[in-house]
Student: 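Take a look at this one; I'll ask things after.
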Number of protein chains: 2
Amino acid sequence: MDFTILKEMLDRRQFTRLTHILKTMRGVDIADFLEELDHKAALLVFRLLPKDLAVDVFSNLSTQHQSEFSMIVDERELANIVEELFFDDRIDYIEEMPAYVVKRILKNSSEMERRLINQFLNYPEDSAGSIMTIEFVDFKKHISVREALRRIRNTAQQKETIYTCYVIDDERRLEGIVTLKDLVLANPDDKIQAIMETQIIYVNTYDDQENIADVFKRYGFLALPVVDQERRLVGIITVDDIVDVIELENTEDFHRMGAIQPFRESYLHTSVTQLAKNRILWLMFLMISATISGGIIRNYESALEKIVALTVFLPMLMDTGGNAGSQSSTLVIRSIALGEITVRDTLKVIWKELKVSFLVGLPLAIVNLLKIYYIDGYGMLLALTVSTTLLVTVVFAKIVGGILPMIAQRFRIDPAIMASPLITTIVDAISLIFYFRFAVWIMGI
Amino acid sequence: MDFTILKEMLDRRQFTRLTHILKTMRGVDIADFLEELDHKAALLVFRLLPKDLAVDVFSNLSTQHQSEFSMIVDERELANIVEELFFDDRIDYIEEMPAYVVKRILKNSSEMERRLINQFLNYPEDSAGSIMTIEFVDFKKHISVREALRRIRNTAQQKETIYTCYVIDDERRLEGIVTLKDLVLANPDDKIQAIMETQIIYVNTYDDQENIADVFKRYGFLALPVVDQERRLVGIITVDDIVDVIELENTEDFHRMGAIQPFRESYLHTSVTQLAKNRILWLMFLMISATISGGIIRNYESALEKIVALTVFLPMLMDTGGNAGSQSSTLVIRSIALGEITVRDTLKVIWKELKVSFLVGLPLAIVNLLKIYYIDGYGMLLALTVSTTLLVTVVFAKIVGGILPMIAQRFRIDPAIMASPLITTIVDAISLIFYFRFAVWIMGI
């Protein structure tokens, strides 16, 4: 977005006009604008906003900017804003802030509020408990639709959603769900009991957010109730938060597949040392693993001394093997993530990859044979050695690439780590063994 | 899901009990159950379902099963179901079915309906027009809230959502948006005009679905209006469809990054020849590109003849270079996809990757040096040659990995193709050149 006009107004101190425009904008856009300003200007603009909008803007600032902001606004003002945040945003904020800021904010909170915050901070990262919010509409089943609607009208402003409402019993156990659509369509004198849906899909506070995202994707819900061990309703998760979860989980998979320790801050906001830390372990591990390939070459040094030309085709064989394996592992990893295949399909995957590998391996091998013999001008025996190795490597790579993610899944390891880098390292070693064996057999060295 | 109990009931012909249970299930789950049955049993179960549920189930069947189903149910029955599908599902269905099936279904449609369907079939794939639906609530701004609510009650059953309603003028141009929440909270005598939101974010029929998903992610909407060139409201897109779009776009990126031509059917539903087709082009291209590396080796054959030991470290150098480059390209590709970095950040990315590359490259090079000299027992000059090459390769790989996706983005090519496989091929060639140069300089061959 381009904020040039807004910045000009700010420079010319046209605050009335600026305020007028800001009021027509959405919180997330104003947050972007603030992040482009220096502290003083940002604070000035922030104070022009009506309270509701200010809270919305604040919840949309990046963690880093929220933290900077918390240092420059005064205590009273900050407490007022944090107070008004939706509960899930408040928890996110408190989690990220340094302890002394949190202390300042919570000073004025009630005992009950503080206990609740503590409970939320204790839910495991990525659990339903850690992403749910407590601002939902609930009522008992014996009230009428008219009463329910009145209730919604009175409390709607503080609720994250009013489109799905929850029916609970005296022990706060979840008994049913009523959508605002049901309520609007029902006769006002109907009892909630008569119109509520009792076949409820719900999740537990300790369920993993990835599984929760799957439930949303499967059923197309707008919100999902979260219950504790006693099936008491403790929170809800809304679809807009789940959209973030989906992208987060995908990012995690991309990172793992690129041999990077996953992290959550944006690339530009992550420090150089942190970025280095997230990469070095995998690089080191893969580098050391690659020495196995070196060891194999060392074993055949005498063969190589006789026919140095064998070395010429090493990169092509290793790269093609790696690529063939990555293709299979990428497909299988993604299909597992989307729930399209499970461990039960392992044999189907192997059989499929076997057929595909011959279909792609044969043309590759033939092109290779012709190129080495006719274009490069090497002998037919060398051409045959390289092409046979290529075919066998491709077949082998595709089976390994297809099967390793399934094995990982079976042992509850994230299949995403069985991606290109690891497959390449494994396939490299195997293709070298094939290569030298075939060289010995075919060329008789 | 486990359908054993349902299958038992089916075998024992306990249809009343089975029907009773099916009625408590969701469409998507019943669809999964049907897909596990043979045609005859599936048709039998399908006919047990009440009409609404049957339609829901049908829309959740995979394309393949929808197609098979269309062959076995009778014409009247099929037309009845298709008639009841939401418009976007109907379009999806018609797009996938063979022409003679479509003809059978549309035989009884009105002229207007057929024209509308044709218009929808003509929207480009992945455009807003191709994923929108026409079942939305609209009214004029001068009616009262009470009237609007009455209107909603009368038409709600046929609408994809009633939570966001659209205010249009006499030319059907979009003037405002009213949520059901606004309506429920407002005074029934208020005019729509007084409560509608006029700062509307909307998309155009030809906008790409990836950009639309970004709008949803940014603003957390439940629905988004789609207008034509004259700003006339022609459809809406709901968040549940966008969740599918997000996963589809991610799958496309995963496929591209794994050197696969992207495709949409699930892995198990895709034929072996199709899978082979989607892989062979990239494999062939990368295989031929890899011969550049072979050519470099050929150039230095005499050097290799003198020191065959140089070959031992080829796999490690090539793999580590490839991995270092993939890490950077993965991060940058993902950050571009999430909108966290743009072409304007190119210099920042290069500078960051340069620093990171030294931070990870130096420890790798040192470990290598020590290992080659002390553990492998090679001479110090060879150890120095390999380690220097490793450091330079890592630095180079990280810069290339960071910069190529940015260049692709600049020229509107999908950055995802600048992933591991292509980077590896490029880095391989460069690392070989460094390797032999350093060997000549350091070891004096």
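The sequence lines fix the lettering, A, B, ..., with proteins before strands; numbering per chain opens at 1. The model shown is predicted, which means the values in this text are computed figures rather than measured ones.
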Student: Go through the structure and list residues passing side-chain contact (heavy atoms from CB on, under 4.5 Å) with B:L268, not counting sequence neighbours.
Tutor: A:I341, A:D345, A:K348
Student: For A:I292, is it the side chain, the backbone, both or neither that has a heavy atom under 4.5 Å from a heavy atom of chain B?
Tutor: neither
Student: Apply side-chain contact (heavy atoms from CB on, under 4.5 Å) to B:K181 and list each qualifying residue two or more places apart in sequence or on a separate chain.
Tutor: A:A156, A:I162, A:Y163, B:T179, B:L185
Student: A:V239 versus chain B, heavy atoms under 4.5 Å apart: side chain, backbone, both or neither?
Tutor: side chain
Student: Given that the side chain runs from C-beta out, which part of A:F285 has a heavy atom under 4.5 Å from chain B: side chain, backbone, both or neither?
Tutor: neither
Student: Please look at A:R26 and chain B and tell me whether the side chain, the backbone, both or neither of the residue comes under 4.5 angstrom of a heavy atom of that chain.
Tutor: side chain
Student: Using only heavy-atom distances, determine whether the side chains of B:R279 and A:S328 contain a donor-acceptor pair under 3.5 Å.
Tutor: yes
Student: Considering only heavy atoms and a distance below 4.5 Å, find which of A:E340, A:H269, A:H255 pairs most often with chain B.
Tutor: A:E340
Student: Please classify the contact between A:D241 and chain B as side chain, backbone, both or neither, with a heavy-atom cut-off of under 4.5 Å.
Tutor: neither
Student: When heavy-atom pairs shorter than 4.5 Å are enumerated against chain B, which of A:V184, A:V243, A:L304 gives the highest number?
Tutor: A:V184
Student: At a 4.5 Å cut-off on heavy atoms, which part of A:L390 comes close to chain B: side chain, backbone, both, or neither?
Tutor: side chain
Student: Report which part of A:S289 has an atom under 4.5 Å of a heavy atom belonging to chain B: side chain, backbone, both, or neither.
Tutor: neither
Student: So what's closer than 4.5 Å to chain A heavy atoms on B:N154: side chain, backbone, both or neither?
Tutor: neither
Student: Name the residue from A:D240, A:D32, A:D244 that meets the salt bridge (Lys or Arg N to Asp or Glu O under 4.0 Å) definition with B:R218.
Tutor: A:D32
Student: Can you find a pair of side-chain heavy atoms, one from B:L314 and one from A:M318, that are under 4.5 Å apart?
Tutor: no
Student: Do you know which of A:K371, A:Q157, A:E353 has the most heavy-atom pairs under 4.5 Å to chain B?
Tutor: A:E353
Student: With a 4.5 angstrom heavy-atom cut-off, is it the side chain or the backbone of B:F216 that approaches chain A, or both, or neither?
Tutor: neither
Student: For each of A:A259, A:G295, A:G220, A:G322, tally heavy-atom pairs with chain B at distances under 4.5 Å, and name the one with the top tally.
Tutor: A:A259
Student: What part of B:V28 is in contact with chain A, defined as an atom under 4.5 angstrom from a non-hydrogen atom: side chain, backbone, both or neither?
Tutor: both
Student: For A:K277, does the NZ atom sit with more than 12 other heavy atoms under 6.0 Å from it, leaving out its own atoms?
Tutor: no
Student: So which residue, A:L364, A:N323, A:V349, ends up with the most heavy-atom pairs under 4.5 Å with chain B?
Tutor: A:L364
Student: Chain B: which of A:T330, A:T424, A:T251, A:L275 shares the most heavy-atom pairs with it under 4.5 Å?
Tutor: A:T251
Student: Got a salt bridge between B:R334 and A:E247, using NZ or NE/NH1/NH2 to carboxylate O under 4.0 Å?
Tutor: yes
Student: Counting only non-hydrogen atoms closer than 4.5 Å, does A:D253 touch chain B with its backbone (N, CA, C, O), its side chain (CB onward), both, or neither?
Tutor: both
Student: Tell me, for A:T320 versus chain B, whether the close heavy atoms (under 4.5 Å) come from the side chain, the backbone, both or neither.
Tutor: both
Student: Please classify the contact between B:M25 and chain A as side chain, backbone, both or neither, with a heavy-atom cut-off of under 4.5 Å.
Tutor: neither
Student: Between B:I246 and chain A, with a heavy-atom cut-off of 4.5 Å, which part of the residue counts as in contact: side chain, backbone, both or neither?
Tutor: side chain
Student: Heavy-atom distances under 4.5 Å only: say whether B:V394 touches chain A with side chain, backbone, both or neither.
Tutor: neither
Student: Which region of B:D319, side chain (C-beta onward) or backbone (N, CA, C, O), has a non-hydrogen atom less than 4.5 Å from a non-hydrogen atom of chain A, or is it both or neither?
Tutor: side chain
Student: Between A:S266 and chain B, with a heavy-atom cut-off of 4.5 Å, which part of the residue counts as in contact: side chain, backbone, both or neither?
Tutor: both
Student: Side chain, backbone, both or neither: which part of A:K398 has a non-hydrogen atom closer than 4.5 Å to chain B?
Tutor: side chain
